[in-house]
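Read the numbers this way: they start at 1 and go in the same order the structure lists the ligands and their atoms.
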Amino acid sequence: MDDTHQAPLRSGRLRGRTALITGAGLGIGRACALRFAQEGARLVLVDLAEERLAETRAMLPSDTTASCHTVNVTEETQVADLAAVIGDLDILVNNVGGGRPGRIWDLSVEDWDHTMRLSLRSMFLCTRAFLPGMIERGYGRIVCMSSGARNGTVWNALHMGACAYSTAKAGVIGFVRDLAIELQDASVTINAVAPGPIDTELAGPFLRAMEEKSLPYSPFRTVPMRRLGTPAEVADAVLYLASDEASYVTGTTLDVAGGR
Ligand SMILES: NC(=O)c1ccc[n+]([C@@H]2O[C@H](COP(=O)([O-])OP(=O)(O)OC[C@H]3O[C@@H](n4cnc5c(N)ncnc54)[C@H](O)[C@@H]3O)[C@@H](O)[C@H]2O)c1
């Protein structure tokens, strides 16, 4: 992974806040966990994969308060059980998302549904579970993970086809836009972050392989900054929207996409 982005010193921007991050076992979710821990948040780390969660936990500063929960956030009962155990939250990061690629003529109904479940159902279930508590207590920050793919991305579209993923990531924007209006007086904000090509454990090698093959739509050629972003760079954007500094920011999408 590119390490050009230096983590700032601790400043306590999330001290006293409890933050739940879905998909915290790897990639952007793990980077959010590390960044939030630096800022003093109490963490609730959620992932399908127990061993990945344990790895993230081990990377946190030793004085971090964090609990780990092996949960499939696309399953209604599992999310409800999690909410019953966790109780109130200040910050929810709906990071889980993704989907199955494929040209539309090859895409099965299962592939399409899988993408919607992973990217949209998870966000719906977690937000529905934790939002009422935020409204009741008069404070909340929700950050949802969209993608540059919401507008179509050349490397995804031309390399393998990604209409389901692009549809789902555009759906995240509709979700955030609507709820920002519905929540007008609740002191709860909801925003999206839209990463470009990010050098995560899973996506990084795949994206770099396009450049190694000199493919014209490689992100190294089509992104103005001509490099991949780092998970830490995305985490900093999430941190801003999750912090008190973003108190008058809601319903927006913050691109972290190197100029695309
Ligand atoms: N990596 C990129 O280049 C990129 C670009 C734009 C947007 N995004 C978005 O950012 C988010 C994170 O991407 P990433 O590449 O860091 O993720 P990732 O694919 O590396 O996975 C992150 C974690 O999510 C967990 N997970 C998967 N399904 C789950 C489920 N049903 N319940 C609980 N946990 C589950 C996995 O076990 C994994 O640890 C996603 O929404 C993705 O669509 C990523």
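- With ligand atoms numbered from 1 in the order given, ligand 1 contributes 28 (N), 31 (N) to contacts under 4.0 Å with heavy atoms of Leu118.
- Under a 4.0 Å N-O distance rule, the pair Asp90/Arg137 qualifies as a salt bridge.
- Protein heavy atom in closest approach to atom 35 (C) of ligand 1: Val96 CG2, 3.6 Å.
- Atoms of ligand 1 lying under 4.0 Å from any heavy atom of Gly23, numbered from 1 in the order shown and given with element: 22 (C), 23 (C), 24 (O), 25 (C).
- Smallest separation of non-hydrogen atoms from Ala246 and Tyr240: CB-O, 3.3 Å.
- Within ligand 1, counting atoms from 1 as listed, the ones closer than 4.0 Å to a heavy atom of Gly27 are 16 (O).
- Residue-ligand proximity, Tyr165 to ligand 1, at heavy-atom distances under 4.0 Å covers atoms 6 (C), 7 (C), 8 (N), 9 (C), 42 (C), 43 (O).
- In Val71, the part holding a heavy atom less than 4.0 Å from any atom of ligand 1 is the backbone.
- Without hydrogens or angle criteria, Ser243 side chain to Glu245 main chain gives a donor-acceptor distance under 3.5 Å.
- Distances from atom 4 (C) of ligand 1 to the heavy atoms of Ser147, Gly196, Pro231, Ala203 show the closest one on Gly196.
- If you check which protein heavy atom lies closest to atom 23 (C) of ligand 1, you get Asp47 OD2, 3.4 Å.
- A cation-pi geometry, defined here as NZ or CZ lying under 6.0 Å from the six-membered ring centre and within 45° of its normal, holds between Arg17 and Tyr139.
- Counting only heavy atoms of the protein, atom 6 (C) of ligand 1 lies nearest to Pro195 O, 3.3 Å.
- Contact between Ser166 and Ala149 at its shortest, heavy atoms only, is OG-O, 2.7 Å.
- Every heavy atom of Arg117 sits 4.0 Å or more from the atoms of ligand 1.
- Nearest-residue assignment for atom 20 (O) of ligand 1 (options Thr56, Leu202, Val256; heavy-atom criterion): Leu202.
- Closest of all the heavy-atom pairs between Met145 and Ile28 is CE-CG2, 3.7 Å.
- For the residues Leu207, Leu48, Asn72, Ile21, the heavy atom positioned nearest atom 29 (C) of ligand 1 is part of Leu48.
- Under 4.0 Å from ligand 1, not a single heavy atom of Ala24 appears.
- With Ser146 contributing its side chain and Lys169 its backbone, the two residues share a donor-acceptor pair below 3.5 Å.
- Under 4.0 Å from ligand 1, the heavy atoms of Lys169 that appear belong solely to its side chain.
- Of all protein heavy atoms, the one lying nearest to atom 3 (O) of ligand 1 is Ile198 N, 2.9 Å.
- Between the side chain of Arg141 and the backbone N or O of Val188, no donor-acceptor pair lies under 3.5 Å.
- Annotation for ligand 1: atoms under 4.0 Å from non-hydrogen atoms of Met145 are 9 (C), 10 (O), 11 (C), 41 (O).
- The distance criterion of under 3.5 Å between nitrogen or oxygen atoms is not met by Ala49 with respect to ligand 1.
- Put simply, the side chain of Val44 reaches to within 4.5 Å of the side chain of His69, judged on heavy atoms.
- Contacts between Thr200 and ligand 1 below 4.0 angstrom, taking non-hydrogen atoms only, involve the side chain exclusively.
- Ligand 1 has no nitrogen or oxygen under 3.5 angstrom from a nitrogen or oxygen of Ser146.
- Judged by distance alone, with hydrogens and angles left aside, the side-chain atoms of Asn95 form a donor-acceptor pair with the main-chain N or O of Thr22 at under 3.5 Å.
- Below 4.0 Å from some heavy atom of Thr74 lie the following atoms of ligand 1, by number and element: 31 (N).
- Residues Thr250 and Leu183 are not in side-chain contact: their nearest non-hydrogen atoms beyond the backbone lie 4.5 Å or more apart.
- Close approach of ligand 1 to Ile28 is summarised as follows: ligand atoms under 4.0 Å from at least one heavy atom of the residue are 10 (O), 16 (O), 44 (C).
- The nearest heavy-atom contact from the protein to atom 11 (C) of ligand 1 is Asn95 O, 3.1 Å.
- In terms of heavy atoms, Ala242 sits closest to Leu14 at O-CD2, 3.8 Å.
- Among all heavy-atom pairs drawn from Pro132 and Thr127, the shortest one is CD-O, 4.3 Å.
- By the 4.0 Å heavy-atom criterion, Gly98 is counted among the residues contacting ligand 1.
- Of all the atoms in ligand 1, the ones that sit under 4.0 Å from a non-hydrogen atom of Arg52 are 36 (C), 37 (O), 38 (C), 39 (O).
- Contact detail for Ser214 and Arg221: the closest heavy-atom pair is CA-NH2, 3.3 Å.
- Proximity of atom 17 (O) of ligand 1 to the protein is not indicated, since no non-hydrogen protein atom lies closer than 4.0 angstrom.
- Ligand 1 lies nowhere less than 4.0 angstrom from a heavy atom belonging to Gly204.
- Side-chain atoms of Thr74 and Arg121 include no donor-acceptor pair closer than 3.5 Å.
- With hydrogens and angles disregarded, a donor-acceptor distance shorter than 3.5 Å links the side chain of Asp111 to the backbone of Ser108.
- Of the protein's non-hydrogen atoms, Val73 N, 3.1 Å is the one closest to atom 32 (N) of ligand 1.
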